[in-house]
Structure formats: C-alpha cells, structure tokens
Amino acid sequence: MTGIPEKPTLDGIEDRWADQWERDGTYRFDTSAVRDQVFSIDTPPPTVSGELHMGHVFSYTHTDLVARYQRMAGKTVFYPMGWDDNGLPTERRVQNYYGVRCDPHEQYVEGFEPPFRGDPPKKHQAVPISRPNFLELCDELVEMDEQVFEELYRRLGLSVDWTQHYATIDARSRRVSQQAFLENVRRGEAYSQEAPTLWDIDFRTAVAQAEMEDRERPGAYHEIPFQLTDGSGSLNIKTTRPELLAACVAMVAHPDDERFQPYFGTTVTVPLYGQTVEVKAHELAQPDKGSGIAMICTFGDTTDVTWWRELDLGMRPIIGRDGRLHTEAPDGVDAAAYARIAGKYPNQAQREVVEHLREEGLLIGEPEPIQHPVKFYERGDRPLEIVTSRQWYIANGGRDAELNAAMVARGTELTWHPGHMQHRYDNWVEGLNGDWLISRQRFFGVPIPIWYPLDADGEPDFDAPLLPDVADLPIDPSTDVPDGYNADQRDQPGGFTGETDIFDTWATSSLTPQIAGHWGEDDGLFARVYPYDMRPQAHDIIRTWLFATVVRSHHEHDCAPWTHAALSGWILDPDRKKMSKSKGNVVTPMGLFEQHGTDAVRYWSASARPGIDTAFSEDQMKVGRKLANKLLNVSKFVLSIGAVDGHVPSESADLDADVTEPVDRSMLAKLDAVVAEATEAFEAFDYARALERTESLFWWFCDNHVELVKNRAYGTNDDTAGQASALAALRSAIATFQRLFAPFLPFATEEVWNWWHNTSVHAESWPVPTALGGDAALLDPVIEVLTLIRRAKSEAKVSQRAAVDRVSVAAPNETHDAIRSAHADLAAAGTIAELEIVEGDVVACDIDLAAT
RNA sequence: GGGCGUAUAGCUCAGUUGGUUAGAGCGCUGCCUUCACACGGCAGAGGUCACAGGUUCGAAUCCUGUUACGCCCACCA
C-alpha cells in the first residue's frame with residue numbers, strides 16, 4: 001500500500017509494475033488446477049523478425065484483455081508464449097544479416113566467423129556456407145531477436161506466463177513435430193508420393209496449396225493450329241503458354257461441345273515438335289474459354305494435372321527444379337526444334353517459340369494481350385511451375401470426401417468470433433484440391449525423421465521407410481543412424497539414406513497446442529489445458545494455421561483443438577489500406593508506448609471490435625491517455641476525502657448499512673447494470689463492448705455523480721449519515737471501476753489500486769453487482785436539473801461556482817420524489833440559496849442568478 | 001463465377017431481440033485560469049442512418065433489389 005500521492009502521474013509506471021509482476025509471479029499458471037478452473041490460450045507464436053509492429057500490439061492486446069478478465073473471474077489462465085523462428089523468414093533474415101547463403105555442398109567450418117553481423121553493404125556478394133554453419137547462424141540470430149521481442153511484449157503489459165514459453169525450432173517443438181508426424185505415418189494419415197507438385201523455382205522448394213496466391217499478370221493468347229493426322233484440317237487452340245508445346249500430351253474439349261465431338265478419339269500433330277496426341281473429352285474444359293479446345297501439357301497448370309490424372313495420359317515433363325527447360329527433348333519430340341529452347345527459362349523459351357512459330361507460319365494473327373491470374377508462392381517473385389517430385393503429405397480432406405466432411409464438422413464445433421469467419425473456413429475446406437504437402441526442400445526447420453533402406457543397386461525403397469523410436473526424438477536423419485544400421489552404411493548399397501527434406505513451418509506450428517501443453521512429456525499438464533479454451537489469431541491465416549491445427553488435432557486426438565476461435569482484424573492506415581512496410585507507413589510501437597503510455601496504446605486496441613479491421617489512430621490513444629489520467633485523478637479525489645495521512649480508512653464491509661441515500665444507491669444501481677453488461681460482453685469475448693459500457697458510465701460518474709455529492713461527502717452540511725453514505729458509495733464505485741478497467745489499463749489500475757490495497761488488482765476478483773437494489777433511474781431527472789443549472793450559468797457566461805439566489809424547477813409529478821431526494825445535493829452543487837420544485841410537463845428550470 | 005463483410009455527424013465509431021426528439025469521442029464554436037484533474041471542466045452547433053422498393057401502427061434496425069468499398073474462395077487453356 002503506497003498511500004495517495006500528492007501528484008499522481010502515469011510516467012514510468014510501466015517499468016515499475018512490469019518488474020513487480022515478474023517478481024511476484026502475478027501471472028504464473030497454477031499447475032495444480034483442475035481442468036474446470038483453467039482457461040487455456042493457444043497463443044500465436046509471432047515470427048521473430050527483429051521488430052514488433054502495430055499488428056502485434058493490436059491483436060496480442062485483444063487476447064490479453066480476455067486473459068485478464070478470465071483471471072479476475074476466477075480462472076487459472078494458461079497463457080504461454082511462443083516464437084516462430086523456424087522456416088523461410090529466418091533463413092532470409094540470416095542471409096541478409098550475416099551476408100551468407102546456404103549451400104549444402106559446402107564443407108562445415110569449425111568456429112566459422114560470418115563476414116558481417118548486421119547490415120552488409122548492398123553490393124556484398126553472399127558467402128556460400130555449409131548447412132550446419134548456416135543453422136548455427138540461424139540459432140544465434142534467433143536468440144538475439146527473441147530477447148528483443150520478449151522485452152517489447154513485456155512492455156506491452158501482456159499477462160503471459162513467461163515460464164511457459166517455447167520456440168518452434170527448439171528441441172521440444174522438434175520432438176512434438178516429429179512424434180506427431182510419426183503417429184500420422186503409423187496410422188496412414190501421412191504418406192510420401194511421387195507426384196506433380198507446385199514448385200517455386202527460386203526457392204527451389206515444393207509449395208502447398210495454402211501458401212499459394214493468385215496475382216494478375218499480363219499474358220497473351222497465341223492462336224496455334226494443330227493439324228489432324230488424317231490431313232482433313234486443323235484444330236486451333238489459344239494458349240498463353242506456347243513454350244509448353246513440347247510438353248503437350250493431349251488436346252481436350254468439353255464432351256457436350258458439338259464443335260469438337262466429331263474429333264474425340266482422333267489424333268493431331270503438335271506444331272513445331274511433331275508429337276502425335278489424341279483429342280480427349282473432359283467436363284473441366286470450358287467451351288467459352290480460348291477457342292474452346294485446349295492442349296494438355298505436363299504441366300502448365302493444376303488443371304493439366306487433373307486432366308493428366310483422370311484421363312490417364314503420358315508424361316512429357318520439360319521444366320526442371322531450377323526452373324529451366326530440360327536440356328534433352330522428351331519422348332516423341334523433335335530434337336532439333338527442341339534444341340532452340342533447351343536450357344532456357346520459360347519466359348525466354350516463350351519468345352523463342354513465338355519466333356519459331358512465326359518462321360513456320362504457324363502463328364495465326366498476332367498474340368492477343370490479356371490480364372489473367374497466375375499462381376505464385378506467397379513469398380515468391382516468379383510464377384509457380386509444376387514439377388514432379390517425391391513429397392510427404394498429410395491427409396486433410398483434399399482427396400477424401402469423408403474426411404473433408406469431418407473437417408467441416410470440426411469447424412462447426414468451434415465458436416467463432418466473429419461468427420461469419422466460419423464461412424472462410426468452410427470455403428477453404430470445401431475447396432481443397434489435394435492433401436497437405438508438408439515437405440520442403442529447405443534448410444532451417446524440423447527434419448523429417450525418416451530413413452530409407454537402399455537396395456543392392458543403391459536405390460531407396462520409399463515404400464518401406466525406417467522410422468526412429470519415439471524415445472529417441474528429436475532426431476536428424478542426416479546425422480543420426482537408424483536402428484540396425486551402422487553409420488558407415490549411410491548412402492551405401494544395402495545400407496540406408498536419410499531423408500533430406502524438412503517440414504514446412506505450418507507442419508510444426510499446427511502443433512502449438514501440443515507443444516505449449518507439453519504433449520507426450522507431461523500428460524497431466526496436457527490434460528489440464530487441452531482442448532484449449534481459446535485460439536486467438538489473425539483472419540488471414542485461417543486456411544493455414546487454423547485449419548492445419550484442426551487437422552492435426554482431428555487425427556491425433558479426435559476432437560477440435562479449442563472451443564473458441566477469436567479472429568482479430570488488421571490495422572489499416574488512415575487511407576483504409578492495409579498497413580505494410582512497403583508503403584512506408586509502419587509506426588514503431590515503442591515510440592508510441594513512450595509518447596502516449598502503454599495503457600493508451602492498449603486502449604486504442606481495445607476499442608476496436610473483435611475481428612474488425614481498424615484504422616490506426618493516435619487520436620484514440622490520446623483518448624486512452626486521458627482516461628487513464630482521469631482514473632488517477634478521480635481516484636485521488638474520492639479516496640482523499642476522509643483519508644488520514646493519504647491512507648484510506650479500511651472499508652466497511654456492510655454497504656447495505658452505510659449507503660442509505662437514494663441518490664447513492666441509484667448510482668450503484670447504474671454501476672451494477674454496467675458490471676453485468678461488461679461481464680456478459682467479456683464472456684462473449686467482446687472486450688470492446690465491455691470497455692465502452694464501463695467508460696461511458698465512468699465519465700458520467702466523474703462529471704455528474706461526483707460533482708453532485710462531493711459537498712455531502714466533505715461533510716459541509718453536518719449530515720453524518722449522508723456523509724457516510726456518500727463516502728461508502730464513492731469508494732465502492734471507485735473500487736469497482738478500478739477493477740473493471742484493470743484488463744484495459746493494467747498499469748494505471750495497478751497504480752491506483754496499490755494506493756489503498758496490498759494486493760495486485762490483477763489478482764483481485766472481477767466485480768459482481770451489489771445487492772442494494774437501488775433505483776437506477778432515480779438520478780436521471782436529478783442530473784437533468786444539474787445540467788440545466790450548468791447551462792444557465794454557461795449561457796450567462798459566469799463561472800460554474802457563481803452563486804444562485806433561487807431556482808424553480810418545473811418537472812412532471814412522478815419525478816418530484818427523485819429530485820426532492822437530491823435537494824440538498826443539488827443546492828450545494830449549484831451553489832443555490834433557494835430551490836423549489838413545481839409541476840411541469842418537462843423538466844425545466846427558472847434561475848435567478850445572484851447579483852455579483 | 002461463388003461466398004462474406006462494411007456503408008450512421010467533417011473524422012473514427014456505438015446503436016443488444018423494430019418502439020419516444022439517432023448517441024459517443026476527436027475536431028469545431030463559446031465560456032470557466034474551480035481548492036482531483038489545463039494531459040482539465042461546462043455548454044453549444046453539426047446527421048434525409050448509401051440508394052430504391054416492401055412488411056409494420058411504427059424501420060438505422062426486418063425482407064427484396066441496386067450501388068460503392070474491402071476481404072475470402074475458384075481449374076490460370
């Protein structure tokens with residue numbers, strides 16, 4: 001208990017209380033709690049990029065509001081924190097920070113010193129280093145970044161239990177990730193397959209459907225004739241990718257398209273390259289697109305893959321993993337013609353093919369420019385190609401209707417906030433077109449824990465993978481050796497070989513509930529927190545993080561991973577565009593914390609309704625600052641009345657006996673209603689509503705009720721019972737407001753609470769309505785009269801303290817009792833000598849100002 | 001092409017099952033240097049609730065349609 005300060009201030013309270021909370025373990029999870037007492041949160045692990053941006057502040061505050069409410073409402077809150085440091089963003093950051101690049105062919109260098117630590121010059125050529133050296137640098141940088149992040153999150157006032165923390169690349173995450181995958185393999189939910197796959201030619205890795213996005217790109221229709229092999233004419237196609245003519249394996253048109261029905265089953269010759277292909281029918285062919293008949297190539301797009309599979313066509317792959325056309329012509333393709341494009345990138349090959357077509361007179365008309373959507377890896381710079389390779393998949397309902405229905409059903413088990421976000425989930429699940437591709441041909445990530453036996457020729461047997469023992473996890477198959485083999489049998493005929501791929505980052509982060517809850521390591525803890533109560537996250541990763549987590553939970557635990565999914569919106573800049581670095585309009589949170597105070601920044605976040613994209617607004621932060629300041633000052637004022645040496649006399653427990661005045665009971669009745677509303681709102685995760693109701697009554701309380709009763713509270717009228725009533729009601733109200741605001745303004749409320757308590761406000765119980773049964777409406781006509789008196793003084797341009805000789809209040813009969821009950825308070829608040837009440841249709845005042 | 005969301009004061013937004021004169025904050029105007037707060041207080045001006053129909057005694061709220069903006073999804077020939 002610090003007592004009431006002479007001059008309350010918000011300056012410096014963040015560091016003081018953040019340190020205190022850490023010392024006291026205020027937010028520590030009680031591991032002995034039973035499940036019913038626990039509120040568990042599957043916190044999003046932010047990508048550790050070295051800086052916190054406003055989007056983090058915004059959404060993490062939302063989660064913290066709910067966590068703080070639940071804690072005060074009596075729950076033990078499991079609020080862990082994770083860092084997502086696994087995957088491409090870290091690889092990129094390591095490359096840029098140290099001026100290196102990973103080349104698996106390089107030899108490991110003991111004690112390697114990178115050329116730079118931070119900001120290599122722009123013209124610096126990245127130094128190739130081995131994979132182990134690269135991973136060491138990843139670990140080093142991640143550790144530095146995480147320290148910076150933790151400081152920022154503490155400064156934001158998150159009530160996280162920092163002892164419950166994890167990183168998606170740490171040993172526990174690797175173990176959980178590998179163990180869950182091996183369970184998937186054993187149950188047949190995970191499998192490897194050689195198949196056409198979306199492929200980023202720059203990152204040289206396979207890409208999942210969820211990481212793919214459409215971008216509008218210019219292209220052009222090239223009209224090209226295919227000669228019928230019986231010489232009876234030609235069929236013309238329009239294609240945007242003439243460079244794939246050499247990969248053509250068939251033509252296709254819609255089965256009902258009368259223009260092409262006569263040709264189904266006949267053959268044509270591919271121009272330039274001479275291979276003979278058949279004309280096929282398939283419903284996916286669209287009669288109104290292009291010329292109505294298309295060529296099928298292996299592979300130009302995902303429709304080609306579908307056609308190839310369903311029509312059981314042959315394969316003529318021409319694009320390699322490096323994005324270049326193969327140097328050798330595929331089967332049946334004219335080698336001399338192909339030589340002109342061999343080894344080129346697709347865009348170069350296209351120019352060459354068009355030139356070639358022109359030379360041969362096989363281009364009908366000029367290419368017709370169009371804008372069309374092209375698939376990109378969301379982090380990539382060049383269009384995705386489709387390359388055949390062996391990859392690992394987890395069944396997610398993309399190929400199995402029954403599983404798909406089960407995944408949709410899991411979505412209905414969740415309570416979505418806001419509810420309409422479920423549509424996005426349904427949309428995504430129902431639109432899946434394949435299983436979840438989890439293997440990546442990258443370096444920094446969790447290794448796929450699999451080996452393959454090699455036959456006498458040294459060829460791996462992919463159908464009989466060697467699995468490690470769960471007790472040995474985590475493992476790295478590139479250095480660890482499977483049971484029954486010796487290290488020197490690695491990559492030898494009759495020996496074994498390790499899987500070189502790693503898991504996609506989502507394959508690990510889809511297990512955050514299991515990682516944070518110590519699944520497979522502390523079953524008691526896991527049972528206390530799982531399924532979690534809440535998954536907070538951004539709505540743009542429903543199709544990735546949210547869906548993937550549901551998939552893993554469905555397979556492993558046969559339930560939904562949480563009961564509530566709370567989706568937060570985005571920050572928009574004042575032009576209503578999504579805030580982004582490239583636009584140069586990102587503001588750093590630390591500067592805002594320092595300028596406005598953390599509580600003020602949190603206030604801005606808290607005033608945004610759940611799931612709604614929200615404009616960045618420093619004005620809102622100023623309002624929050626004002627609110628925090630007001631809370632300090634009104635607390636000081638109220639608590640100072642009747643205080644001794646800055647200390648408030650201990651509270652009487654018996655409000656019923658102390659609060660006797662109808663006016664005071666009316667105020668507490670209004671507060672009761674707000675407590676009920678705020679509680680109801682928080683139970684529905686609507687923190688913004690709770691704030692708005694609380695704040696609205698708070699200002700009314702400061703401006704009206706305090707002003708009305710302060711003279712009685714001072715005891716200026718020698719009304720002892722009235723004074724006791726006023727003081728008890730004021731202190732009760734202040735105690736309630738301080739707790740109602742605690743989730744929103746954790747620093748300011750802790751500051752004022754400690755003036756008169758020895759406990760943390762964040763460990764206090766959430767307010768419940770009093771049992772006084774006051775008449776909430778009683779004060780309304782009273783305050784109306786007070787406002788009229790103020791208006792009269794304002795219009796007369798005199799001070800609000802100016803004395804009034806006489807006021808005649810005209811008011812409807814039914815309000816007379818109420819106004820009479822506040823007669824003395826009104827007279828004192830308005831400095832009125834004589835106040836009379838007469839009948840009238842509406843409340844009105846006739847005021848005689850005293851002569852000055 | 002399918003789906004979802006939003007549209008209320010100059011700006012940012014509330015408005016809970018349809019119910020008197022549509023609310024708040026910021027900004028703006030005027031006033032008060034008041035003994036909790038000038039990082040303050042009091043008061044005031046400001047709205048055809050996107051548009052068009054419909055249901056109803058009564059619509060910002062429900063229904064239909066239209067427009068604008070944003071987002072998600074979709075097989076890109």
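In this text, all values refer to a predicted model and were calculated from it rather than measured experimentally.
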Open item on the list: Suppose we call two aromatic rings close when their centres sit under 6.0 Å apart. Are A:W570 and A:F58 close by that rule?
Closed with: no

- [ ] Determine the Euclidean distance between corresponding P atoms of B:C72 and B:G65; express it in Å to zero decimal places.
- [x] 25 Å

Task: Complementary nucleotide of B:G40, counting Watson-Crick and G-U pairs under 3.5 Å - done: B:C32

- [ ] Report yes if at least one side-chain N or O of A:Q800 is closer than 4.0 Å to OP1 or OP2 of B:U33; otherwise report no.
- [x] no

Open item on the list: Between A:Q738 and A:W755, does the side-chain hydrogen bond (donor to acceptor under 3.5 Å, both in side chains) criterion hold? Intermediate values first, please.
Closed with: CA-CA 12 Å; A:Q738 289 177 354; A:W755 292 345; over 6 Å; no

- [ ] Compare the minimum distances between each of B:C73, B:G30, B:A36 and the side chain of A:N427, then state the nucleotide with the smallest one.
- [x] B:C73

Task: Rounded distance (Å) that lies between atom P of B:C26 and atom CZ of A:F616 - done: 18 Å

Open item on the list: When the P atoms of B:C63 and B:U6 are compared, how many Å lie between them, rounded to an integer?
Closed with: 12 Å

Task: Minimum-distance nucleotide to A:H372 side chain [options: B:C76, B:G41, B:C26] - done: B:C76

TODO: Could you state the atom-to-atom distance from CG of A:L311 to C1' of B:C75 in whole Å?
DONE: 13 Å

TODO: Determine the interatomic distance between C1' on B:G10 and the same-named atom on B:U29; round to the nearest Å.
DONE: 14 Å

Open item on the list: When you compare the side chain of A:L592 with that of A:M621, does any pair of heavy atoms fall below 4.5 Å?
Closed with: yes

Open item on the list: If I take atom CZ in residue A:R424 and atom C1' in nucleotide B:U6, what distance separates them, rounded to the nearest angstrom?
Closed with: 12 Å

TODO: Could you let me know what B:G47 is paired to, Watson-Crick or G-U wobble, both distances under 3.5 Å, or none if it's on its own?
DONE: none

Open item on the list: Can you tell me if A:K626 touches the phosphate of B:C26, counting only side-chain N or O atoms and a distance under 4.0 Å to OP1 or OP2?
Closed with: yes

- [ ] Could you check which of B:C76, B:G3, B:G15 has an atom nearest any side-chain atom of A:H423?
- [x] B:G3

TODO: Could you work out the separation of B:G47 and B:A24 based on their P atoms and round it to a whole Å?
DONE: 14 Å

Task: Distance test, side-chain N/O of A:R689 to OP1/OP2 of B:U16, below 4.0 Å - done: no

Task: Nucleotide B:C75, atom P - distance to CH2 of A:W307 in whole Å - done: 12 Å

Open item on the list: If you count heavy atoms of other groups shown closer than 6.0 angstrom to CZ of A:F226, is the number above 12?
Closed with: yes

TODO: Examine distances only and state if a side-chain atom of A:Q275 and a backbone atom of A:A246 form a donor-acceptor pair shorter than 3.5 Å.
DONE: yes

Open item on the list: For the C1' atoms, the ones on B:G70 and on B:A50, what distance do you get once it is rounded to whole angstrom?
Closed with: 15 Å

Task: A:R543 side chain near B:C73 phosphate (N/O to OP1/OP2, under 4.0 Å) - done: yes

Task: Protein-nucleotide distance (A:D214, atom CG; B:G1, atom C1'), rounded to Å - done: 13 Å

TODO: Check the distance between B:G41's P and A:E707's CD and give it to me in whole angstrom.
DONE: 10 Å

Task: Separation of the C1' atoms in B:G18 and B:C49, to the nearest angstrom - done: 15 Å

Open item on the list: Looking at B:G40, I'd like to know if its phosphate oxygens (OP1 or OP2) sit under 4.0 Å from a side-chain N or O belonging to A:N633.
Closed with: no

TODO: Go through B:C76, B:G41, B:A38 for me and flag the one nearest to the A:D703 side chain.
DONE: B:G41

TODO: Both distances under 3.5 Å, Watson-Crick or G-U wobble: report the partner of B:G1, or none.
DONE: B:C73

Open item on the list: Measuring only the C1' atom in each nucleotide, how far is B:A45 from B:C28? A whole number of Å is fine.
Closed with: 9 Å

Open item on the list: If I pick the C1' atom on B:G23 and the same atom on B:U8, what distance separates them, to the nearest angstrom?
Closed with: 10 Å

Task: Opposite nucleotide pairing with B:G10, Watson-Crick or G-U, both atom distances under 3.5 Å - done: B:C26

Open item on the list: Does a side-chain N or O of A:K289 approach OP1 or OP2 of B:C75 to a distance below 4.0 Å, or not?
Closed with: no

Task: A:F682 and A:F744 aromatic centres sub-6.0 Å - done: yes

TODO: Both distances under 3.5 Å, Watson-Crick or G-U wobble: report the partner of B:A52, or none.
DONE: B:U64

Task: Short side-chain N/O contact to B:C42 OP1/OP2 from A:K797, under 4.0 Å - done: no

Task: Watson-Crick or G-U counterpart of B:U21, or none if no pair lies under 3.5 Å - done: none

Open item on the list: So, does A:Y714 get its side chain near the phosphate of B:A36, meaning an N or O under 4.0 Å from OP1 or OP2?
Closed with: yes

TODO: Determine whether the aromatic ring centres of A:Y425 and A:W416 lie less than 6.0 Å apart.
DONE: yes

